[in-house]
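One structure below.
Keep in mind the model is a prediction, meaning the values are calculated, not measured. Residue numbers run from 1 in the order of the sequence given. Values below: all heavy atoms of this structure, side chains included; hydrogens, waters and symmetry mates excluded.
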Amino acid sequence: MATYRLHGETVTRAKGHSVVARAAYNARAKLYDERLGQWWDFARKRDLDHREILAPAHAPAWVFDRERLWNAVEASEGRRKNAQTARSFIGSIPVELSQEAGRELVRNFIREEFVARGMVADVAIHESAHNPHFHVLLTLRELEGDGFARTKQRAWNERGLFQDWRVAWQDH
């Protein structure tokens, strides 16, 4: 029987989070964090099934470079110690689905609920023993020209929106 899970949180410096570290962990990659001056290396973990970056049609090519994307997000927040840098979700994928069907389910959900609103989404699917799940990191600012907008998109923080996303994942 399929299980249902969608958990979300904000990646914030006030809690000691680095969005570059989170991206490296999710994507099972080695990324350099320019703000902290350190490498985050999770490339040896073996449970990665799939990873990709999904973005609006008008996105510049550089957003598809994971290291550059998340360092740009960090830079857009300046030196603020309490900056919110991204939104993060983890969701379960029904074990009854094939890997390809699970990927398509996740892609469709993320495109419809996040990318269609203007967010850039960094998606990773992990396939551990009977626990297929996805991680997604989302930008909090829309793309504007060749970079990010000066201000965050506050509509994405509306009170009922998270609940709407949970219902949408359930429906998918």
Side-chain angles (χ1 to χ4, degrees), residues 5-45 47-56 58-93 103 106-107 109-126 128 133-158 161-162 165-166 169:
R5 177 182 183 206
L6 185 67
H7 171 77
E9 68 177 352
T10 303
V11 180
T12 178
R13 290 180 189 162
K15 293 180 183 174
H17 299 164
S18 160
V19 74
V20 177
R22 183 77 58 100
Y25 175 81
N26 290 353
R28 303 307 196 230
K30 181 178 181 180
L31 302 177
Y32 184 72
D33 189 326
E34 294 170 3
R35 181 178 65 91
L36 298 176
Q38 77 178 77
W39 287 95
W40 300 99
D41 187 0
F42 297 94
R44 292 185 183 179
K45 289 192 163 278
D47 62 345
L48 181 71
D49 173 49
H50 180 77
R51 64 182 170 207
E52 69 181 304
I53 294 174
L54 301 171
H58 67 281
W62 65 264
V63 302
F64 297 98
D65 176 330
R66 184 169 283 106
E67 187 172 84
R68 188 168 173 195
L69 168 65
W70 296 112
N71 276 299
V73 165
E74 285 283 3
S76 72
E77 295 302 324
R79 295 166 130 3
R80 291 184 37 228
K81 292 180 181 179
N82 64 342
Q84 294 180 343
T85 53
R87 183 164 286 109
S88 175
F89 285 98
I90 182 171
S92 59
I93 301 171
R103 283 185 207 136
V106 170
R107 274 190 196 115
F109 170 68
I110 290 170
R111 282 186 184 125
E112 290 173 23
E113 297 299 325
F114 305 121
V115 177
R117 293 175 194 268
M119 299 176 208
V120 177
D122 187 354
V123 185
I125 297 175
H126 297 176
S128 53
H133 60 280
F134 71 92
H135 296 262
V136 61
L137 277 176
L138 303 162
T139 58
L140 299 177
R141 296 173 190 266
E142 289 182 282
L143 292 166
E144 193 173 88
D146 197 39
F148 288 106
R150 287 183 49 125
T151 60
K152 292 180 182 165
Q153 178 52 266
R154 301 293 179 203
W156 298 341
N157 290 333
E158 288 181 12
L161 192 53
F162 177 70
W165 286 328
R166 287 180 51 83
W169 178 239

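A distance-only check finds a donor-acceptor pair linking the side chain of Asn71 to the backbone of Tyr32 [under 3.5 Å]. A distance-only check finds a donor-acceptor pair linking the side chain of Thr139 to the backbone of Val120 [under 3.5 Å]. With hydrogens and angles disregarded, a donor-acceptor distance shorter than 3.5 Å links the side chain of Arg166 to the backbone of Leu6. No donor-acceptor pair under 3.5 Å is formed between the side chain of Trp70 and the backbone N or O of Ala24. Checking side-chain atoms of Thr12 against main-chain N and O of Ala83 turns up a donor-acceptor pair under 3.5 Å. In terms of modelled atom types and a separation under 3.5 Å, the side chain of Arg51 and the main chain of Ala27 share a donor-acceptor contact. At distances below 3.5 Å, at least one donor-acceptor pair connects side-chain atoms of Arg13 with backbone N or O atoms of Arg80. A distance-only check finds no donor-acceptor pair linking the side chain of Glu74 to the backbone of Thr85 [under 3.5 Å]. Checking side-chain atoms of Arg141 against main-chain N and O of Ala149 turns up a donor-acceptor pair under 3.5 Å. When atom types are taken as modelled, the side chain of His126 and the backbone of Asn26 share a donor-acceptor pair closer than 3.5 angstrom.
Taking CG of Leu69 as the start and CZ of Phe148 as the end, the distance is 5.0 Å to the nearest 0.5 Å. Here the CD atom belonging to Glu9 is positioned 4.5 Å from the CZ atom belonging to Arg22, to the nearest 0.5 angstrom. Of the inter-residue distances, the one linking His58 atom NE2 with Asp146 atom CG reads 11.0 Å to the nearest 0.5 angstrom. Rounding to the nearest 0.5 Å places CG of Leu31 at 8.0 Å from CH2 of Trp39. Taken to the nearest 0.5 Å, the CZ atom of Arg87 stands 5.5 Å off from the CG atom of Leu140. Residue Phe134 holds its CZ atom at 10.0 Å from CZ of Arg5, rounded to the nearest 0.5 Å.
Considering all non-hydrogen atoms of both residues, Leu138 and Ala121 come closest at CD2-CB, 3.6 Å. Nearest approach of Arg117 to Trp156, heavy atoms of both residues: O-CZ2, 3.3 Å. Here the closest non-hydrogen pair linking Pro56 and Val115 is N-CG1, 3.5 Å. Annotation for Val11 and Ser18: closest pair CG1-C, 4.4 Å, computed over non-hydrogen atoms. Taking all atoms of both residues into account, the shortest heavy-atom contact from Ala155 to Leu161 is O-CD2, 3.7 Å. Contact record, Val63 with Ala55: CG2-CB, 4.0 Å, taken as the closest heavy-atom pair.
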Original post:
Given the rule in the side chain to side chain contact (heavy atoms under 4.5 Å, CB included) test, do Glu34 and Val20 qualify, once you have shown the distances and angles that lead to the verdict?
Top reply: CA-CA 9 Å; Glu34 294 170 3; Val20 177; over 6 Å; no
**OP:** Using the side chain to side chain contact (heavy atoms under 4.5 Å, CB included) rule, take Lys45 and Tyr25 through it: C-alpha gap first, then chi angles, then the decisive distance, then the call.
**Re:** CA-CA 9 Å; Lys45 289 192 163 278; Tyr25 175 81; 4.0 Å; yes
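At a threshold of 4.0 Å, the pair Glu67-Lys30 does not count as salt-bridged, since none of the basic side-chain nitrogens sits closer than that to a carboxylate oxygen. In summary, Lys152 and Glu77 engage in a salt bridge, as defined by a charged side-chain N under 4.0 Å from a carboxylate O. The residues Glu52 and Arg107 are annotated as salt-bridged, a charged nitrogen and a carboxylate oxygen being separated by less than 4.0 angstrom.
A distance below 6.0 Å separates the ring centres of Phe89 and Trp165.
Relative to the six-membered ring of Phe114, Arg111 misses at least one condition, a distance below 6.0 Å or an angle of at most 45° to the axis.
Taking the six-membered ring where the residue is Trp, Phe42 and Trp40 present parallel rings, their angle staying beneath 30° rather than reaching 60°.
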